[in-house]
Structure formats: C-alpha cells, structure tokens
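Quick note: residue numbers are just sequence positions, from 1. None of these values were measured; they are calculated from a predicted model.
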Amino acid sequence: FKSIAADVNIEFVLASTDSKGRATNGIVRKQTGVTYWTMDDKIKFSAQGGDDAWDSRYYLNIWVGNTRSLLGYASYIGGAGEKDGIVMNTTAFGTINVAAPYNKGRTLVHEAGHWLGLKHIWGDSFCGDDGVEDTPKQGGYTSGHPTGFRTSCNNGASGDMYMNYMDFTNDEALNLFTKGQKDKMRNYFEEGGARHSLLSGRGLNGSWIEAAPLVADTTPAPVESHFKINLFPNPAQSEVKLNFGDDNTWVGKKIMIINLHGVVVQAFIVNAKNQTVNLSNLKPGVYFMQGYNGSKKINLKLVKL
C-alpha cells in the first residue's frame with residue numbers, strides 16, 4: 001500500500017495559552033476519587049470528578065485516566081462542545097507505565113482519526129464501507145501483529161489493510177493513513193468545516209492576560225494600599241529575594257508560590273523584611289507569589305529559569 005500511503009500534514013502541539021488567556025504548559029493534572037472511568041463522559045466534567053473541557057472550537061481536548069480495559073474513545077464530528085475530544089487510558093498514553101502492545105502512541109493516532117471523521121477500516125460491519133475510496137473492503141477488525149498477505153471480502157490483490165491506523169492491530173504493526181483518509185480529515189479544516197475554527201485559535205500565541213490562577217481564599221477582601229514590594233532577580237535561578245521595604249507587617253505571615261494551574265507548590269513564613277527564598281525545588285516556569293497580611297495582599301509574578 002506504499003503508493004497510496006499519505007503524509008497527512010496535520011500536527012498538534014501542547015497549548016501555551018489556556019482558554020482564559022493565561023500562560024500554560026497545556027497540561028492539567030487533577031486528583032480524583034473516581035477509581036476508573038467508562039464511556040459515560042464523566043471524566044470530561046469537574047463536577048463529576050474529571051475536568052472541564054477547554055473551548056473545543058480552538059483546542060483538541062485529551063483526557064487521560066484509568067479506563068480499565070478500554071484503550072480510548074473519541075467524540076465524533078457534530079457532538080456537544082463540552083464533550084468534544086479524546087479519552088485515553090493511562091496504559092496506552094505517553095511513556096510512563098504504558099503497556100505493550102499498545103505502548104507506541106498509535107491508540108491516540110487512531111482516536112484522532114475518529115475525531116477527524118474517520119471510521120474503522122472495516123466500516124463497523126462485515127465488509128462494511130468506511131467512506132474512503134482508496135481503502136479496501138475488509139471483513140472485520142484485525143488483532144495482534146499479522147504479517148504477510150491477508151484477504152477478505154473479495155478485496156483481491158490488495159488484500160486487507162491491517163496496518164492502517166484505523167484498524168485494531170497492535171501498535172508496532174500500524175503505519176499508515178491513505179491519501180483518501182488524508183483528504184477526508186483535512187477537509188474538516190477548510191472554510192465551513194467542523195474543525196476550521198482550530199486554525200484561528202490563540203492557544204499557541206502567548207497569553208493575552210497576566211493574571212494569577214484563582215486560588216481558594218477565605219480571607220476578607222484586602223484594604224487597598226499603595227505599597228511596593230521588590231522581587232529580584234526576576235527571572236531567577238536558584239533563589240530570589242523579597243524586599244518589603246519599611247513594612248514590617250509581613251514578618252510572620254505566610255507567602256505561597258502557586259503554579260499556573262492554581263496549585264500551591266511551595267510556601268514559607270516571612271522572617272525578615274528582606275527575605276531570601278530558595279527556588280531549587282521548583283521546575284522552570286511561571287509562578288505567582290501570593291500572600292495576605294491582614295490588610296494587604298500581594299500577587300507577584302515569578303519566572304524560574
């Protein structure tokens with residue numbers, strides 16, 4: 001099938017800006033009380049133990065969780081926006097704790113094919129039609145890692161295309177989309193297509209607001225005050241200094257360092273008006289220092305190199 005194999009020329013990368021305009025690494029990690037997920041889409045909602053989708057007009061949402069024996073599933077063209085995307089089992093995604101024979105990322109490629117309108121290679125019925133002209137008829141799905149020529153449904157000299165990403169073959173045996181599949185997927189990005197809005201998304205354009213993530217806070221609203229706190233050097237490598245000037249009201253108060261997902265990754269008690277903060281345990285990235293002294297709040301952006 002080499003003559004009809006295609007370079008699809010569709011590439012996805014992690015978002016650098018979330019749907020609210022804040023800088024991000026494109027990944028949200030959440031702890032949940034749900035033991036395992038099913039195809040009921042609960043993983044797609046924070047209220048049900050999962051996580052809400054980013055605006056699916058501009059992002060491909062991928063949820064990764066424990067789905068037991070289910071490798072993954074995808075929404076189809078025209079579905080509800082808040083459910084639009086792909087769900088993956090942790091054992092078939094990425095490089096950590098993945099399990100052969102689905103450990104090479106082909107499951108996500110397969111599900112992305114569904115997300116872009118492709119059917120299974122056998123058309124989901126015996127000798128069914130997948131709607132693509134250059135894929136041969138096939139009796140059903142293929143399992144394992146076959147080799148050599150196989151034929152079904154009178155598909156003649158071509159035989160079964162069991163190495164197509166839209167079959168169920170083991171990852172190491174999958175290697176192609178056809179030119180027809182390429183055309184079908186890319187058509188959805190054309191003007192008027194269901195995925196056209198992705199081309200105008202701002203997920204890779206850098207943040208358009210500078211705001212700290214929302215953090216649960218039970219302190220009363222601060223009294224407005226004009227005061228200046230120096231944070232230097234910024235960007236910083238191993239340590240940073242907080243200089244409160246003549247304001248000694250911050251001594252004894254707690255300062256939190258919060259990442260872009262609103263998670264407190266470090267906290268310390270101020271013990272001097274010129275405080276040194278060790279950053280060696282933080283990964284490179286953007287953080288916010290937040291604190292409250294009873295009348296004033298601070299919210300300082302910090303870049304760790």
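- Here the NZ-OG1 distance, from Lys296 to Thr249, works out to 4.5 Å after rounding to the nearest 0.5 Å.
- With sequence neighbours left out, the side chain to side chain contact (heavy atoms under 4.5 Å, CB included) criterion links Thr90 to Val64.
- To the nearest 0.5 angstrom, Leu198 atom CG is 10.0 Å from Ile10 atom CD1.
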Per-pair distances, 0.1 Å, donor-acceptor, side chain in residues 123-133, under 3.5 Å, sequence neighbours excluded:
{"from": "Asp124", "atom 1": "OD1", "to": "His120", "atom 2": "ND1", "distance (Å)": "2.5"}
{"from": "Asp129", "atom 1": "OD1", "to": "Gly131", "atom 2": "N", "distance (Å)": "2.8"}
{"from": "Asp130", "atom 1": "OD1", "to": "Val132", "atom 2": "N", "distance (Å)": "3.0"}
{"from": "Asp130", "atom 1": "OD1", "to": "Thr135", "atom 2": "OG1", "distance (Å)": "2.9"}
{"from": "Asp130", "atom 1": "OD2", "to": "Thr135", "atom 2": "OG1", "distance (Å)": "2.7"}

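- Within a 6.0 Å sphere centred on CG of Asn9, other residues, nucleotides and ligands contribute more than 12 heavy atoms.
- For Tyr162 against Pro146, the heavy-atom pair with the smallest separation is CD1-CG, 3.4 Å.
- Across Asn61 and Ala53, no two heavy atoms sit closer than the pair ND2-CB, 3.6 Å.
- Heavy atoms from other residues, nucleotides or ligands lying under 6.0 Å from NZ of Lys253 number more than 12.
- Phe93 places none of its side-chain heavy atoms less than 4.5 Å from the side chain of Thr107.
- When the shell of 6.0 Å around CD of Glu239 is examined, it contains more than 12 heavy atoms from other residues, nucleotides or ligands.
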CA sep, side-chain torsions, deciding dist, call: Trp54, Thr24, side-chain contact (heavy atoms from CB on, under 4.5 Å)
CA-CA 12 Å; Trp54 292 0; Thr24 180; 3.9 Å; yes
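- Across Gln275 and Ile269, no two heavy atoms sit closer than the pair NE2-O, 3.9 Å.
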Carefully, step by step, assess Ile257 and Leu282 under the rule side-chain contact (heavy atoms from CB on, under 4.5 Å).
CA-CA 10 Å; Ile257 301 179; Leu282 295 183; 4.0 Å; yes
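- Here the NZ atom belonging to Lys104 is positioned 10.5 Å from the CG atom belonging to Asn170, to the nearest 0.5 angstrom.
- Side-chain contact between Tyr73 and Asp41: present, with at least one pair of heavy atoms (C-beta onward) separated by less than 4.5 Å.
- Under 3.5 Å, the side chains of Gln48 and Asp40 contain no donor-acceptor pair of N or O atoms.
- Scanning both residues, His110 and Asp167, for their nearest heavy atoms gives ND1-O, 3.4 Å.
- Within 6.0 Å of NZ on Lys273 lie more than 12 heavy atoms contributed by other residues, nucleotides or ligands.
- Shown are Thr142, Asn155, Thr169, Thr151; of these, the side chain to side chain donor-acceptor pair (under 3.5 Å) with Asp160 is made only by Asn155.
- Residues Asn164 and Gln138 have side chains that never bring a donor and an acceptor to within less than 3.5 angstrom of each other.
- At least one side-chain heavy atom of Leu204 sits less than 4.5 Å from a side-chain heavy atom of Val13.
- Criterion: ILVMFWY side-chain heavy atoms under 4.5 Å apart, direct or through other members. Under it, Ile4 and Met163 are part of a common hydrophobic cluster.
- Summarising the geometry of Lys179 relative to Asp134, their closest heavy-atom pair is N-OD2, 3.3 Å, with the distance given to 0.1 Å.
- Take Arg57 and apply the salt bridge (charged side-chain N to carboxylate O under 4.0 Å, His left out) test, not counting sequence neighbours, and it matches Asp55.
- Side-chain contact check for Trp122 versus Cys153: every heavy-atom pair is 4.5 Å or farther apart.
- Shown here for Asp51 and Trp63, the closest heavy-atom pair between the two residues is O-NE1, 2.8 Å.
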Chi angles and distances behind the side-chain contact (heavy atoms from CB on, under 4.5 Å) call for Leu242, Leu300
CA-CA 10 Å; Leu242 267 174; Leu300 304 172; 3.6 Å; yes
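- Applying the ring pair (Phe, Tyr, Trp, His ring centres under 6.0 Å) test to residues at least two apart or on different chains, none of the pairs has a partner in residues 185-204.
- Annotation: the span from Phe168 atom CZ to Leu71 atom CG amounts to 8.5 Å, rounded to 0.5 Å.
- In this structure, Leu116 CG and Glu111 CD are separated by 11.5 Å, a value rounded to the nearest 0.5 Å.
- Note: the hydrophobic cluster containing Ile62 does not contain Ile27 (ILVMFWY, side chain heavy atoms under 4.5 Å, direct or indirect links).
- For Phe177, the ring-ring contact (aromatic ring centres under 6.0 Å, His included) criterion is met by Tyr165, not counting sequence neighbours.
- At most 12 heavy atoms of other shown residues, nucleotides or ligands fall within 6.0 angstrom of atom NZ in Lys42.
- For residues 13-50, no residue pair satisfies the ring pair (Phe, Tyr, Trp, His ring centres under 6.0 Å) rule, not counting sequence neighbours.
- More than 12 heavy atoms of other residues, nucleotides or ligands lie within 6.0 Å of NZ in Lys30, so this atom counts as buried by the packing criterion.
- Remark: Thr178 OG1 to Leu118 CG distance equals 8.0 Å, nearest 0.5 Å.
- Taking 4.5 Å as the limit, every side-chain heavy atom of Thr91 sits out of range of all side-chain heavy atoms of Asn97.
- Under a hydrophobic clustering in which Ile, Leu, Val, Met, Phe, Trp and Tyr are joined whenever their side-chain heavy atoms come within less than 4.5 Å, directly or via other members, Ile86 and Leu70 fall into different clusters.
- Note on Val8 and Trp115: same hydrophobic cluster, where clusters join Ile, Leu, Val, Met, Phe, Trp and Tyr whose side-chain heavy atoms are under 4.5 Å apart, directly or indirectly.
- Proximity of a side-chain donor or acceptor of Lys44 to a complementary backbone N or O of Gly50 within less than 3.5 Å is not detected.
- A heavy-atom distance below 4.5 Å is not found between the side chains of Leu279 and Tyr287.
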